[in-house]
Amino acid sequence: MAFVQFSNVSLSFGEREILRDVSVNLSAGTKAALTGANGAGKSTLIKVMAGLIKPDSGVRTAEKNARVSYLPQSGLTHAGNTLREEADKAFDFGYKLQEELEKIGDELKKNPPNSAYLLERHDKILTELEDSGWNRRSASAEQVLTGLGFSKSDLDKRCEEFSGGWQMRIALAKNLMARPDILLLDEPTNYLDLEARNWLEGFLGAYKGGFLLVSHDRYFLDHTINEVYELFAGNLKRYAGNFTHYEQVREIEIQTLTKEYEKQQAEIKHLEDFINRFGAKATKAAQAQERQKMLNRLKENEIVIPQSFKRIHFKFPAAPHSGRLVATLSKITKSYDGKTNVINDLDLTIENGDRLVVAGVNGAGKSTLLKIISGVDANFSGEIKLGSGVSVGYFSQDNAETLRGNKTVLQEIEDVAPLELVPRLRDMLGAFLFHGDDVFKSLDVLSGGEKSRVALLKLLLRPVNFLILDEPTNHLDMHSKDVLLDALRDFGGTVIFVSHDRAFIESLSTRVLELKNGKWRLFPGNYEYYQSRLEAEAGNENAIVQKVEVKSEGKSSWQEQKKFEAEKRKAEKKVAELEEKIAACEEEKRRAEEEMARPDVYTNGEKAKSVQKKIDEIAKKIDELTQEWEKSAEEAESFAL
C-alpha cells in the first residue's frame, strides 16, 4: 500500500514556530481534512507534505514510486496548448512507464541473465498502467473536464483563452486525472460552482487513493472525509469522523479550555496587581520577585483561545419598514449578443422576508439577474417595480474595486457604522478576519479578498431592507460564514442571493429560482427541497428510458403507440390549461394589489379589508393550481420521450 509518512516534523519562520513535532501518515484510503485558523500554517504544512518546503527537522518517508500530487490555492496558469493537449500532460507518468516497457522489451530480446526480474518488472508496469486508468485516459480526461464544468467545445480551445478561475479548474482536473496515490488539495472548491462541487464530491467518494484537503465548505467536507487534522499553535491533532463531528468534539474541548483560560487570566491579574502595588516597597521586594517568577512561568504557558472559536454574534441595523411586495419583475429578458437570451421572459415576485437563492451553473445568468434587480445593469427588456419603502443594498466581488486610499480598515468601517455599533466594530472586523493590527492596514495595501470582506461588512452596516448578495461567502472562513449566516437569519428585511456554499444555502434559503439555458423555474421551499425535486426528475428520466427500451423490444403494438400518444397529448393539454389559469390568476392578483396601493383604498378600512380578502383568496387559488400543475407537469414529463 502506497504511503507518505511524516515523523516529528518541525518548522519555524524566524521566531514563529509553525510546526512543532508534527507526525502524520497518509496512505491509500485516507480521506482527511486539514483545518485551523487563518494563518495557522495549513498551506505551509501541505507544501511540506508535497516536498516543496524542507522542514527544519523531522523525517519524511514515502514508499518507493509513490506518487503525490499537490494543488495550491491559486496562481497556476496554462498556455501554449489546447485544453485537450494540456489535459494529456496529466498522464506523463504513463508515457514514462511506456518508455520503460519498450526498453524492457528491447532488453528481453537479447535474452539477458536477469530476464526473470525484467519480466516481473514488465508485469508490474502493466498492472500499474491498468490501475491508473492509462488505457482509458482519453475518456477519463473528458469525464473529469466535463464534471468540473468544461463543455465539449472547450476541449479544443487554447488554454490561454480561459480566465483565472478556469485556469485553476484545469490544474485541479490534471491532478485528478493523474490519479496519484496521495492527493494534496488546498482549497480545491474555491473556483467551483455547486454542480462542479457535487461532481468532485462524488469523485473523491469513489477515489481509491488517499487525499488530504483544506476547504471552508462544511457540507463538502462532511460528505468527503472521515477524519480531521487540526493545526493549532504548531501542534497537529487528529479527530475521527466527519467535520461536523469534529466541531462538536472541539466545542466541548474549547468550553473546558475557556474555563481554564479564565482561571489563568484571573491568576495573572492577581499576580500583576500584587507586583504593581508592592514591587517598589523594600519590605515586600522578595515577595514581589517571587510573584514575578510565578507570573513569568504562567505567561510561558499561557492558554490561547483559537480566534475561530470566539463566538461573535452580529446584528444588522434595524431594517426600515417596507410593504409586503418588495419587487415585481415582469418579462425580464437579457441578451449580450442580441441572439441568445441569458434570461428570457422572467416573471418573479419577491415578498418581504423572502430568502431567495438563485441557482444554476456558471454562465446561467445568476449574477446578471442580481445586477438587473439592483439597478447596476439597465440594459435589458421588461420591467422591474420596487415596492413602497424598499431600500436596496447590493454586494458583488466588484465592490472591492472601489476601495482605495490611505484610510485604515477601521476608519473605513467607522465612517459608515451606526453610532450604537461603534463599540463593537473591532469584534465585527475580527469576525471578518481582521485581527489585531490588521484593522490599521490602509485600503491601498489590502488584497482583493481583504477588500471584498471590507465591502461586505460596509454593506451590512447600512440600514437597508432588501439585500442583494452575489457570492457573499467568498473569502470567508467557516466561522465568518456562521456569523454572516446568523445575522442574515435574524435580518428583518428580504434577501436574494447567489452562493456556491451548499451548507450556507440550505441554512438560509426559503425559495429557489433556477436559471438554465435562458429558461427559469421557481421552486417553493428550501434548497434541500429543490435538490429532491431534481433527483425525482432524474429518476423520472431513468424510468422514461426504461419505458422506451421496453418498446424497442417490440412489446408496443401500433394500437399501444396510438394510446400512448393520446395520453401524452392529454397530459400536455392539461398542463397548458393550468398554466393559463395560473397566469390569469396572477394577473387578477396583480390588479388587486395595484388597487390596494391606491390611497383611496388603503386609507379606507372597509375597502382595504375587502380588497385584501380578494387578494388572499386569489393567492390561495394560485397555490392550489400550482400544486395541481406540479403534479400534471411530472405526469407530462413521463411522456417526454
Side-chain angles (χ1 to χ4, degrees), residues 1-6 25-30 47 49-54 59-72 76-148 150 152 154-160 170-185 203-204 206-212:
M1 180 183 291
F3 69 90
V4 180
Q5 184 175 324
F6 305 87
N25 183 55
L26 305 177
S27 61
T30 294
K47 288 177 182 177
M49 292 176 170
L52 300 177
I53 293 179
K54 186 177 180 181
V59 179
R60 179 184 188 271
T61 307
E63 185 190 44
K64 186 180 179 182
N65 298 323
R67 292 189 298 118
V68 179
S69 184
Y70 162 68
L71 177 77
L76 297 183
T77 56
H78 309 82
N81 295 303
T82 65
L83 177 57
R84 193 190 303 275
E85 292 166 343
E86 189 65 35
D88 198 54
K89 289 184 179 181
F91 304 100
D92 281 350
F93 72 93
Y95 286 111
K96 291 176 182 176
L97 290 175
Q98 283 281 16
E99 290 176 6
E100 188 177 349
L101 278 180
E102 292 176 7
K103 289 178 181 178
I104 291 174
D106 293 339
E107 284 293 314
L108 287 172
K109 289 177 184 177
K110 301 174 184 177
N111 196 24
N114 62 338
S115 59
Y117 165 77
L118 290 174
L119 285 170
E120 183 181 348
R121 176 62 183 155
H122 189 277
D123 288 344
K124 190 173 181 180
I125 290 174
L126 288 176
T127 301
E128 190 174 348
L129 285 171
E130 177 59 31
D131 290 345
S132 70
W134 162 258
N135 298 319
R136 302 175 297 280
R137 60 190 179 279
S138 180
S140 174
E142 189 168 317
Q143 178 190 22
V144 171
L145 288 168
T146 54
L148 291 177
F150 293 95
K152 290 188 178 181
D154 287 333
L155 296 177
D156 295 312
K157 283 184 181 178
R158 306 289 293 179
C159 285
E160 49 266 39
I170 296 172
L172 173 59
K174 289 172 66 178
N175 275 267
L176 301 182
M177 286 183 277
R179 293 185 180 270
D181 299 300
I182 306 294
L183 269 169
L184 303 173
L185 305 175
F203 180 94
L204 292 177
Y207 193 61
K208 293 181 180 179
F211 62 83
L212 180 138

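Computed from heavy atoms alone, side chains included, the values below leave out hydrogens, waters and symmetry copies.
Side-chain contact between Arg158 and Asn81 is absent, with no heavy-atom pair separated by less than 4.5 Å. The shortest distance between side-chain heavy atoms of His78 and Lys174 falls below 4.5 Å. In this structure the side chain of Ile182 never reaches within 4.5 angstrom of the side chain of Phe211, judged on heavy atoms. Counting heavy atoms from C-beta on, the side chains of Ile170 and Cys159 come closer than 4.5 Å.
For Pro72, the side chain to side chain contact (heavy atoms under 4.5 Å, CB included) partners at least two apart in sequence or on another chain are Tyr70, Leu76. Residues satisfying the salt bridge (Lys or Arg N to Asp or Glu O under 4.0 Å) criterion with Asp154, sequence neighbours excluded, are Lys157. Contacts of Ala173 classified as side chain to side chain contact (heavy atoms under 4.5 Å, CB included), with partners at least two apart in sequence or in another chain: Val144, Leu145, Leu148, Met177. Evaluation of the side chain to side chain contact (heavy atoms under 4.5 Å, CB included) rule for Thr30 yields Leu26, Ser27, Ala32, Glu227 as partners, not counting sequence neighbours. Arg136 meets the salt bridge (Lys or Arg N to Asp or Glu O under 4.0 Å) test with Glu130; sequence neighbours excluded.
Remark: Arg67 qualifies as a cation-pi partner of Phe93 under the 6.0 Å distance and 45° angle criteria applied to the six-membered ring.
Atom CG in Leu119 sits 12.0 Å away from atom CD in Glu107 (nearest 0.5 Å). To the nearest 0.5 Å, atom CG of residue Leu204 and atom CG of residue Leu185 are 6.5 Å apart. Residue Leu83 holds its CG atom at 13.5 Å from NZ of Lys152, rounded to the nearest 0.5 Å. For the atom pair Arg84 CZ and Leu155 CG, the distance stands at 4.5 Å (nearest 0.5 Å). Atom CG of Leu71 and atom CG of Leu183 lie 9.0 Å apart (nearest 0.5 Å).
Within a 6.0 Å sphere centred on CD of Gln5, heavy atoms belonging to other residues, nucleotides or ligands number more than 12.
Ring to ring, Phe91 and Tyr95 are not that close: their centroids are 6.0 angstrom or more apart.
Here the closest non-hydrogen pair linking Arg179 and Tyr207 is C-OH, 3.2 Å. The shortest heavy-atom contact between Ala178 and Ala90 is CB-O, 3.5 Å.
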Run the side-chain donor-acceptor check on residues 98-105: report pairs under 3.5 Å with partners two or more places apart or on a different chain.
from: Glu100; atom 1: OE1; to: Arg121; atom 2: NH2; distance (Å): 3.1
from: Glu100; atom 1: OE2; to: Arg121; atom 2: NE; distance (Å): 2.8
from: Glu100; atom 1: OE2; to: Arg121; atom 2: NH2; distance (Å): 3.4

Start with the C-alpha distance between Leu184 and Ser69, add both sets of side-chain angles, then the distance that settles side chain to side chain contact (heavy atoms under 4.5 Å, CB included), and finish with yes or no. CA-CA 6 Å; Leu184 303 173; Ser69 184; over 6 Å; no
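With Val4 as the fixed residue, the side chain to side chain contact (heavy atoms under 4.5 Å, CB included) test singles out one of Val68, Thr61, Asn25: Val68.
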